[in-house]
Chemist: 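Before we start, here is the structure in question, set down as structure tokens.
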2 protein chains.
Amino acid sequence: MPNNQFKKGELYSFITGKASTAIARRLQKKFNSSGLNLTIEQWSVLYHLWKQEGISQQELCNATFRDKPSITRLVDNLERLNLVKRVPSENDRRINLIYLTKPAQKLQEETMALAEETLNEALETVPTEKVDVCKEVLQIVYDNLK
Amino acid sequence: MPNNQFKKGELYSFITGKASTAIARRLQKKFNSSGLNLTIEQWSVLYHLWKQEGISQQELCNATFRDKPSITRLVDNLERLNLVKRVPSENDRRINLIYLTKPAQKLQEETMALAEETLNEALETVPTEKVDVCKEVLQIVYDNLK
DNA sequence: TTTGAATAGTTGTATAAACAACTATATGCC
DNA sequence: GGCATATAGTTGTTTATACAACTATTCAAA
């Protein structure tokens, strides 16, 4: 039994993700204004490397929900920016382990602060309990479809 | 006063829009499986034209939350697919009015059904009242940032 | 009526995503 | 050991997005 929760006019934003597009754009502008030469997508890769570096490109694929060619090219660009370095694994020569450079380590604090700032702007006036419900629903959606 | 509702691990999905990415991918796969040669982005333009055709590219920009070059190229591609037609406005020669072709009119029912199907899969097991809260929050986020 | 600003749309360039096809390496089974 | 298969990563191609710079047209004010 389909639950048909969407009237026509509402279906659109949910599919196109206007809210997350708006968040990403705002954060990108903050990066640009701060003179950070970094895309949101590049930042999202660094985000996972800050949590744990020395992981493989495949692990970055899983973490960032991207396919292998996308990660290959993001790592290409991050390497050109001197933010990460591919290091061939010694155990398995198919694998590249990705490590952060010094400049990348320095970016963490500033960019995370801008990200939090952006989310606070986005969620201004939204009560915490509604934010919690929203996070929960989006997680379920992701789990249902991934 | 920042409300700091996001612990580090949760901040990521909100910014990257993993849920809407998953929805869009699932819908794209349904299009492909049905032999529909149409991207989600192209569909999102048709979506607004089905509601009202004969609008300008600028109005499509506003409706779809895209900039002018993006719409120029989407309309280029839709025209190549013989789904829309640019008609110069008679009142204002700067303006192109965008009209649907016969083939595009025929796509509405099938694609909207696939979109609803996708959302039902995405929201399976989510109670209606939580979906409502989620929609409300995403709308506020969009309004806060747009 | 002319001229300067605003608006509509296009083009160039860089980055990114999806998909298919490819290479190289590792694994597992006979 | 040798061969089929799986896995990790790369490359080519198409489509889309963002930004800047551009053309054409309209509008409004001096």
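Proteins come first, then strands; the chains are lettered A, B, ... in the order of their sequence lines, and each starts at number 1. Note that the coordinates shown come from a computational prediction; the quantities given were computed from them, not determined experimentally.
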Chemist: For dA8(D), does OP1 or OP2 lie under 4.0 Å from any side-chain N or O of R86(A)?
Modeler: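 So the side chain of R86(A) is outside the cut-off, no N or O lying under 4.0 Å from OP1 or OP2 of dA8(D).
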
Chemist: Relative to the 5' end of DNA chain C, which residue comes earlier, P69(A) or E90(A), by the nucleotide with the nearest heavy atom?
Modeler: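 Closer to the 5' end of DNA chain C: P69(A).
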
Chemist: Checking contacts here: which listed nucleotide (dA17(C), dT15(C), dT11(C)) is nearest the side-chain heavy atoms of T72(B)?
Modeler: dT11(C)

Chemist: Of all the nucleotides listed (dT17(D), dT15(C), dT10(C)), which has the minimum atom distance to the side chain of N77(A)?
Modeler: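 That would be dT15(C).
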
Chemist: What's the verdict on side chain to side chain contact (heavy atoms under 4.5 Å, CB included) for Q42(A) and L83(A), showing C-alpha distance, side-chain angles and the deciding distance?
Modeler: CA-CA 10 Å; Q42(A) 291 164 358; L83(A) 293 174; 5.5 Å; no

Chemist: Does a side-chain N-to-carboxylate-O contact under 4.0 Å join K85(B) and E79(B)?
Modeler: no

Chemist: When you measure from the side chain of E116(B) to the backbone of A113(B), do you find a donor-acceptor pair of N or O atoms at a distance under 3.5 Å?
Modeler: no

Chemist: Nearest to the side chain of D92(B) - dT15(D), dA8(D), dT26(D)?
Modeler: dT26(D)

Chemist: By nearest atom, which of the nucleotides dT11(C), dT25(D), dA16(D) is closest to the R94(B) side chain?
Modeler: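 Selected nucleotide: dT25(D).
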
Chemist: Between dT25(C) and R93(A), counting only base atoms on the nucleotide and side-chain atoms on the residue, is there a donor-acceptor pair under 3.5 Å?
Modeler: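 A donor-acceptor contact between them is absent.
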
Chemist: Considering every strand and a 4.0 Å limit on heavy-atom distances, what is the contact class for D76(B): base, sugar-phosphate, or nothing?
Modeler: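 Result for D76(B) = nothing.
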
Chemist: With the side chain of N32(A) defined as its heavy atoms from C-beta on, choose the nearest nucleotide among dG9(D), dA17(C), dC19(D).
Modeler: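 In terms of side-chain proximity for N32(A), the closest of dG9(D), dA17(C), dC19(D) is dC19(D).
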
Chemist: Judged by each residue's nearest nucleotide on DNA chain D, which is more toward the 5′ side, I95(A) or R73(A)?
Modeler: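 The answer here is I95(A).
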
Chemist: Side chain of R25(B): nearest nucleotide among dT7(D), dT25(D), dA18(C)?
Modeler: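 Taking heavy atoms from C-beta onward, the closest nucleotide is dA18(C).
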
Chemist: Examine dT25(D): is either OP1 or OP2 under 4.0 Å from a nitrogen or oxygen in the side chain of N91(B)? Give yes or no.
Modeler: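 N91(B) to dT25(D) OP1/OP2: no side-chain N or O under 4.0 Å.
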
Chemist: With a cut-off of less than 4.0 Å, is there a side-chain N or O of K29(A) near OP1 or OP2 of dC19(D)?
Modeler: yes

Chemist: With heavy atoms under 4.0 Å as the rule, sort L74(B) into base, sugar-phosphate or nothing.
Modeler: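 Touches sugar-phosphate only.
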
Chemist: One pair to check against salt bridge (Lys or Arg N to Asp or Glu O under 4.0 Å): D67(B) and R73(B). What are the steps and the verdict?
Modeler: CA-CA 10 Å; D67(B) 69 357; R73(B) 275 137 181 162; over 6 Å; no

Chemist: Base, sugar-phosphate alone, or nothing: which one does Q42(A) contact when heavy atoms must sit under 4.0 Å apart?
Modeler: sugar-phosphate

Chemist: Using a strict cut-off of less than 4.0 Å between a Lys/Arg side-chain nitrogen and an Asp/Glu carboxylate oxygen, indicate whether K30(A) and E117(A) qualify as a salt bridge.
Modeler: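 Judged by the 4.0 Å cut-off on N to carboxylate O distance, K30(A) and E117(A) do form a salt bridge.
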
